[in-house]
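A short worksheet on the structure shown next.
Both ligands and their constituent atoms are indexed starting at 1 by order of listing.
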Amino acid sequence: MVIPVYCEEKGIELTLREVEKHLRMAASSWEIVVVDDGSSDGSWNRITSHAQQVPQLRALRLSRNFGKEAAVSAGLEAAQGQAVILMDGDMQHPPALLPTLIETWRTGEFDIVEAVKSSRGDESRLSALRAKLFYTILRTFSGHDLSGASDYKLLDQRVIAAYRTMQERNVFFRGMVSWMGFRTTRVPFHVEPRVAGDSGWSVFGLIRLAVVAVTSFSTAPCTSSRSSA
Ligand code: UDP
Ligand code: MG
């Protein structure tokens, strides 16, 4: 498992306990890589004290807040499993889905098992609208339809190996996984409310991610500048 964490001191231990409960039942061997993305609250203390009771937990701490995408890349770099599951640390990605993701991968038919949002939970209308606009722009420019996609995914080690070779600095994880191809299947899930705290995304952070997503996954700006030259 890879779990990026930014200021989740109130909920991270509950998330970890739930994840561990399901992994114990679903897998004989497992590890959790928790990446603290420069949290300014007590997350790191909570994670490291929890790690003392759980030898399968490895805690990484980034030197500052780099943003979720960078934290995810750091976690995927460190993860060692035959398959890696990426999950948020705020319980919005239900740990109860873990056995389904693992069982689906074990059939051997798929390299990627994506959990897709069948509903967007208790999100405000404004942020649902923002997400819709973002995915419409991305689909128009890049042809990749990522609506409903989430970062809750299981990736086979073959996918992780390919991801590591990409050496991207400005990463948009969801887009890169879609772009790589591989045999993919989807499992629906209902987005739960956050267990505690607030979303770590700032408006600026979202705009920056949108710019990275559109410029990395589309040649549209380049094509239009050529045709006007
Ligand atoms: N996160 C992170 N770095 C950040 C912002 C968020 O590692 O700069 C983590 C956060 O702790 C959570 C996951 O990324 O585990 C998703 O973040 P959030 O819940 O804020 O996003 P949302 O659910 O609103 O998309
Ligand atoms: Mg969240």
Side-chain angles (χ1 to χ4, degrees), residues 1-20 32-48 50 57-79 84-95 97-98 114-135 138 146-153 169-177 189-213:
M1 298 280 310
V2 168
I3 306 182
V5 168
Y6 178 62
C7 296
E8 306 281 3
E9 67 174 347
K10 293 204 181 85
I12 189 61
E13 282 162 303
L14 173 67
T15 306
L16 291 173
R17 279 199 301 273
E18 283 296 308
V19 167
E20 288 151 15
I32 306 175
V33 178
V34 181
V35 183
D36 182 346
D37 182 19
S39 296
S40 51
D41 66 355
S43 295
W44 180 248
N45 286 345
R46 301 282 172 105
I47 295 163
T48 47
H50 188 83
L57 199 157
R58 276 198 289 151
L60 308 182
R61 190 184 203 183
L62 304 190
S63 56
R64 64 167 170 85
N65 179 235
F66 282 88
K68 178 180 177 181
E69 305 296 310
V72 166
S73 289
L76 294 181
E77 205 55 54
V84 177
I85 301 172
L86 177 68
M87 197 185 109
D88 284 357
D90 58 3
M91 293 290 277
Q92 290 204 273
H93 294 167
L97 200 67
L98 288 170
E114 298 191 304
V116 293
K117 298 168 188 168
S118 58
S119 76
R120 298 186 62 97
D122 65 348
E123 194 177 45
S124 72
R125 275 199 190 167
L126 181 66
S127 63
L129 193 71
R130 214 164 46 192
K132 198 166 177 198
L133 183 68
F134 171 71
Y135 287 122
L138 192 62
L146 298 185
S147 49
S150 78
D151 288 340
Y152 193 11
K153 293 183 197 304
R169 295 240 173 249
N170 290 320
V171 286
F172 177 47
F173 174 76
R174 231 169 282 184
M176 282 162 65
V177 171
F189 80 104
H190 171 74
V191 178
E192 299 294 334
R194 270 187 150 270
V195 65
D198 296 314
S199 172
W201 286 104
S202 62
V203 173
F204 179 67
L206 278 173
I207 293 173
R208 195 170 48 194
L209 184 65
V211 170
V212 168

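- At a heavy-atom distance under 4.0 Å, atoms from both the backbone and the side chain of Lys68 approach ligand 1.
- Judged by distance alone, the side chain of Gln92 and the main-chain N or O of Pro193 form no donor-acceptor pair under 3.5 Å.
- Here is the list of ligand 1 atoms found below 4.0 Å of a heavy atom in Glu8: 10 (C), 11 (O), 12 (C), 15 (O).
- Judged as a salt bridge (Lys or Arg N to Asp or Glu O under 4.0 Å), and not counting sequence neighbours, Arg17 has no contacts.
- Using a 4.0 Å cut-off to heavy atoms of Asn65, the atoms of ligand 1 that qualify are 3 (N), 4 (C), 8 (O).
- Here the closest heavy-atom approach between residue Val2 and residue Ala79 is recorded as CG2-CB, 3.9 Å.
- Heavy atoms only, all atoms of each residue included: Gly89 and Thr15 are closest at O-OG1, 3.0 Å.
- Annotation for Ala115 and Leu97: closest pair CB-CD2, 3.7 Å, computed over non-hydrogen atoms.
- Ligand 1 lies less than 4.0 angstrom from a heavy atom belonging to Arg194.
- Remark: Phe189 pairs with His93, Tyr152 by the ring-ring contact (aromatic ring centres under 6.0 Å, His included) rule, at least two apart or across chains.
- Using a 4.0 Å cut-off between charged side-chain N and carboxylate O, Asp88 and Lys68 make a salt bridge.
- Here the protein contributes Asp90 OD2, Gln92 OE1 as N, O or S atoms under 2.8 Å from the Mg ion (ligand 2).
- Applying the 4.0 Å criterion to heavy atoms of Asp37 picks out, from ligand 1, the atoms 2 (C), 3 (N), 4 (C), 7 (O), 8 (O).
- For Asp90, the salt bridge (Lys or Arg N to Asp or Glu O under 4.0 Å) partners are Arg194, not counting sequence neighbours.
- Residue-to-ligand polar distances keep Ala71 apart from ligand 1: every N/O pair is separated by 3.5 Å or more.
- Taking each heavy atom of Arg64 and Asp37 in turn, the nearest pair found is O-OD1, 3.6 Å.
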